[in-house]
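This report concerns only the one structure given below.
Note that the structure is predicted; figures quoted are calculated from it, not measured. Each residue takes its place number in the sequence, starting with 1.
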Amino acid sequence: MKIAVEGCCHGELDKIYETIAYLEQKEGVKVDLLLCCGDFQAVRNEGDMKCMAIPPKYRNMQTFYKYYSGEKKAPVLTIFIGGNHEAANHLQELPYGGWVAPNIYYLGYAGVIRYKGIRIGGASGIFKSYDYRKGHFEYPPYNAETLRSVYHIRNIDVFKLKQIQMPMDIFMSHDWPQGIYHYGDTENLLRKKKFLRQEVEFNSLGSPPAEELLSHLQPSYWFSAHLHVKFAAVMQHAPKGNAPPRVTKFLSLDKCLPNREFLQVLDIPDRPDSSDDGLEYDPEWLAILKATSSLPSINRQIWNPPENNGLHEKVSEDDMMKVVEDLNGKLSIPDNFSLTLPAYDPANPQPHMSPSFNINPQTTEICATLGLKDIYALVGQGRGGLGQSFDDSRGEQDDACGIDSGDEPSEYLTDVSALSGSFNPDEITIEDEWEEEEEVKEEKFTKPSITGEIHTPSRLILPAPKSSTSPCALSDLINMNPPSHSTPGPVRGESQNDSQNDSNNEDTSAIRMLKRSSNESVTPGSRGTTPLIKRRNQDIYSTADDENED
């Protein structure tokens with residue numbers, strides 16, 4: 001099975017799917033699944049746009065609305081998690097996950113599903129200690145504080161994920177697990193992102209809860225984004241009991257921009273006798289959701305997990321069988337997407353549209369089936385439907401709820417998320433992250449570079465996995481270092497011999513990586529096979545074909 005992994009999407013679905021189609025055509029492969037690691041930006045209309053924590057001058061509609069409205073359909077089954085630049089009111093409709101458009105599935109605040117026998121999990125948002133132990137109290141219209149706190153990960157969701165006992169194949173988070181940078185080429189990372197050095201040296205970069213989940217889940221693969229850089233690592237875990245040690249292959253990718261390493265395709269072994277019915281619910285995860293449904297998660301009050309961060313009684317096989325019975329023995333996730341808001345209409349823009357609060361029938365259905373609570377609906381009911389205006393202050397909110405607004409001490413001794421000593425334009429300052437794109441000039445795609453040999457830092461020696469329960473051999477992983485050059489894309493007149501030599505030098509079984517480069521010229525007015533990419537701060541990227549249309 002070939003799975004494409006993408007870093008920060010930033011609403012550029014057209015370009016991502018074009019890239020996959022280009023790869024499939026050039027390399028003669030078929031991508032089965034696309035995984036997006038956050039900042040997806042599922043913006044349906046102008047009201048949703050106002051629910052994203054980005055500067056107003058960068059609020060462009062991009063291309064998701066076409067897939068939401070039905071104008072287009074995603075050519076590849078897509079699964080994504082939330083990041084820190086999202087249409088929060090849309091994703092809040094689906095706390096347990098669901099379809100945001102046909103063939104595009106959101107994992108929820110936290111979630112686990114299956115695809116052809118492969119177990120895929122994820123956690124949305126980024127870590128900030130001052131919101132970590134609160135519930136999901138936010139609702140639209142958001143004020144200056146809740147517009148950001150809404151995408152901060154909460155300990156209730158991490159607690160649920162830490163109840164998982166069965167092996168995990170793939171896990172996604174937006175920000176990195178803290179400390180993962182020690183298991184890859186750290187110096188090369190710091191050459192690319194110099195401002196990270198202080199946090200790396202003090203081991204404060206990344207998410208402590210994600211580090212805990214990495215240690216607990218020990219997935220075969222872990223994918224992230226957020227820092228806008230390609231970075232790979234290999235981590236061998238300490239063995240659990242008598243089980244052999246497991247290995248996690250970590251990969252973070254860039255955002256969808258010219259000359260960025262934002263997409264990679266991996267070969268994942270197929271599971272024998274797996275279902276071909278598309279996405280399926282995961283019985284263990286649904287049983288965990290049922291077992292934790294009574295835990296508080298909709299207000300500002302501090303919530304601490306049970307002792308030892310575990311349920312009093314672990315989820316049993318009987319609990320899983322009960323969930324299967326609730327679903328009438330059908331684990332396939334139904335294709336029950338429906339529009340909950342009108343889609344953006346380019347012919348009739350509505351710039352003054354207000355953010356909307358809507359109940360999603362997908363959430364209503366899964367809650368009724370399993371006896372869960374619709375978190376978003378409860379928040380709306382408790383705040384009088386649409387809640388507060390943008391002018392409300394944090395103090396007024398706290399007074400209304402009768403809750404002290406003082407921050408509690410962090411449970412993480414190394415947490416410096418609120419007091420970072422280094423300047424990170426990709427993570428800390430939202431405005432700077434988006435200003436970075438002003439410097440990007442018109443660039444074009446190139447032919448994918450292909451690498452096959454793994455390189456680990458000289459100080460890190462990893463033994464080969466000792467069990468088939470661990471990932472495939474390390475030699476099958478990607479080259480951790482970026483390619484030393486960009487291979488130009490196809491041009492007219494290229495000799496057949498040259499093409500054959502190129503194909504002979506490429507390891508087609510390796511992971512394929514795409515980056516955008518400016519090495520190639522295109523004749524004005526030509527309709528070449530290589531897509532032409534423009535800057536992100538325009539309304540959408542345009543291909544060369546688009547520019548030639550009236």
Checklist line | Nearest-0.5 Å distance that lies between atom CE in Met168 and atom CD1 in Ile170 | finding: 10.0 Å
Margin query: Do the side chains of Glu12 and Arg260 get close enough for a salt bridge, i.e. N-O under 4.0 angstrom?
Written below: no
Next item on the list: Check step by step if side-chain contact (heavy atoms from CB on, under 4.5 Å) holds for Ile20 and Leu23.
Entry: CA-CA 5 Å; Ile20 292 175; Leu23 172 69; 5.6 Å; no
Next item on the list: Quick one: pull up CG in Leu227 and CG in Asp254 and give me the separation to the nearest 0.5 Å.
Entry: 10.0 Å
Checklist line | Close aromatic pair by centroid cut-off 6.0 Å: Tyr109 and Tyr96 | finding: no
Next item on the list: Name the orientation class of the two ring planes belonging to Trp222 and Phe171 (parallel below 30°, tilted from 30 to 60°, perpendicular beyond 60°).
Entry: tilted
Check: Just wondering, do Ile79 and Leu33 contact through their side chains at under 4.5 Å, heavy atoms?
Finding: yes
Margin query: Please determine whether the number of non-hydrogen atoms from other residues, nucleotides or ligands lying under 6.0 Å from atom CD of Glu71 exceeds 12.
Written below: yes
Note to self: Looking at Met166, I'd like to know if its CE atom is crowded, meaning that more than 12 non-hydrogen atoms belonging to other residues, nucleotides or ligands lie closer than 6.0 Å.
What the structure shows: yes
Next item on the list: State, yes or no, whether a side-chain contact exists between Val234 and Phe250 at a heavy-atom distance under 4.5 Å.
Entry: no
Checklist line | salt_bridge(Lys72, Asp14) N-O dist < 4.0 Å | finding: yes
Notebook entry, point to check: Should Met49 and Met61 be marked as a side-chain contact (heavy atoms from CB on, under 4.5 Å) after you check the CA-CA gap, both sets of side-chain angles, and the distance that decides it?
Noted result: CA-CA 7 Å; Met49 188 88 66; Met61 190 56 61; 3.4 Å; yes
Next item on the list: Ignoring hydrogens and angles, state whether a donor on the side chain of Ser316 or Asp319 is under 3.5 Å from an acceptor on the partner side chain.
Entry: yes
Check: Is the closest side-chain heavy-atom distance between Tyr221 and Lys249 below 4.5 Å?
Finding: yes
Note to self: Between Lys2 and Asp267, does any side-chain N to carboxylate O distance fall below 4.0 Å?
What the structure shows: yes
Next item on the list: Quick one: list whatever passes side chain to side chain donor-acceptor pair (under 3.5 Å) with His216, sequence neighbours left out.
Entry: none
Next item on the list: Go through Ser149 and Glu138 one step at a time and tell me if the side-chain hydrogen bond (donor to acceptor under 3.5 Å, both in side chains) criterion holds.
Entry: CA-CA 8 Å; Ser149 67; Glu138 300 88 353; 2.8 Å; yes
Margin query: Under a 4.0 Å threshold between the charged nitrogen and the carboxylate oxygen, would Arg44 count as salt-bridged to Glu93?
Written below: yes
Next item on the list: Classify the ring geometry between Phe159 and Trp303 as parallel (under 30°), tilted (30 to 60°) or perpendicular (over 60°).
Entry: perpendicular
Next item on the list: Determine whether the side chains of Glu86 and Asn84 contain a donor N or O and an acceptor N or O closer than 3.5 Å.
Entry: no
Margin query: Heavy-atom count check: over 12 atoms from other residues, nucleotides or ligands less than 6.0 Å from Lys314 NZ?
Written below: yes
Notebook entry, point to check: Are Ser252 and Trp176 close enough that a side-chain donor and a side-chain acceptor fall under 3.5 Å?
Noted result: yes
Notebook entry, point to check: Out of curiosity, His237 NE2 to Ser215 OG, how far, rounded to the nearest 0.5 Å?
Noted result: 7.0 Å
Check: Should we say atom CG of Asn348 is surrounded by more than 12 heavy atoms from elsewhere, each under 6.0 Å from it?
Finding: yes
Margin query: The test is side-chain contact (heavy atoms from CB on, under 4.5 Å); show your working for Cys9 and Asp39 and say whether it passes.
Written below: CA-CA 6 Å; Cys9 178; Asp39 285 357; 5.8 Å; no
Note to self: Would you say Tyr344 and Ser69 are linked by a side-chain donor-acceptor pair, where the criterion is simply a distance under 3.5 Å?
What the structure shows: no
Checklist line | Pair Asp318 + Lys322, salt bridge at N-O below 4.0 Å | finding: no
Checklist line | Within 6.0 Å of NZ in Lys240, more than 12 heavy atoms from elsewhere | finding: yes
Checklist line | Sole residue of Phe337, Tyr105, Tyr106 in ring-ring contact (aromatic ring centres under 6.0 Å, His included) with Trp99 | finding: Tyr105
Next item on the list: Please examine the side chains of Phe80 and Leu91, heavy atoms only from C-beta on, and report whether any two atoms are closer than 4.5 Å.
Entry: yes
Notebook entry, point to check: Can Arg119 and Asp169 be counted as an ion pair, charged N to O under 4.0 angstrom?
Noted result: no
Note to self: In the structure I gave you, are the side-chain heavy atoms of Leu289 and Lys160 within less than 4.5 Å of one another anywhere?
What the structure shows: yes
Next item on the list: State the CG-CG distance between Leu94 and Asn360, to the nearest 0.5 angstrom.
Entry: 4.5 Å
Checklist line | Set of side-chain contact (heavy atoms from CB on, under 4.5 Å) partners for Pro334, sequence neighbours left out | finding: Tyr281, Asn336, Glu365
Next item on the list: Considering only NZ, NE, NH1 and NH2 on the basic side and carboxylate oxygens on the acidic side, decide whether Asp131 and Lys134 come within less than 4.0 Å.
Entry: yes
Margin query: Can a donor-acceptor pair be found, under 3.5 Å and without considering hydrogens, that links the side chain of Ser356 to the backbone of Asn358?
Written below: no
Margin query: With heavy-atom distances below 4.5 Å as the criterion, would you say the side chains of Met1 and Tyr115 are in contact?
Written below: yes
Margin query: Within the 4.5 Å heavy-atom criterion, are Thr363 and Pro95 side-chain neighbours or not?
Written below: yes
Check: Are any of the side-chain heavy atoms of Ile126 and His152 separated by less than 4.5 Å?
Finding: yes
Note to self: To the closest 0.5 Å, what do you measure between CD1 (Ile81) and CG (Leu107)?
What the structure shows: 7.5 Å
Notebook entry, point to check: According to the interplanar angle, ranging from 0 to 90°, do the rings of His226 and His174 count as parallel (below 30°), tilted (30 to 60°) or perpendicular (above 60°)?
Noted result: tilted
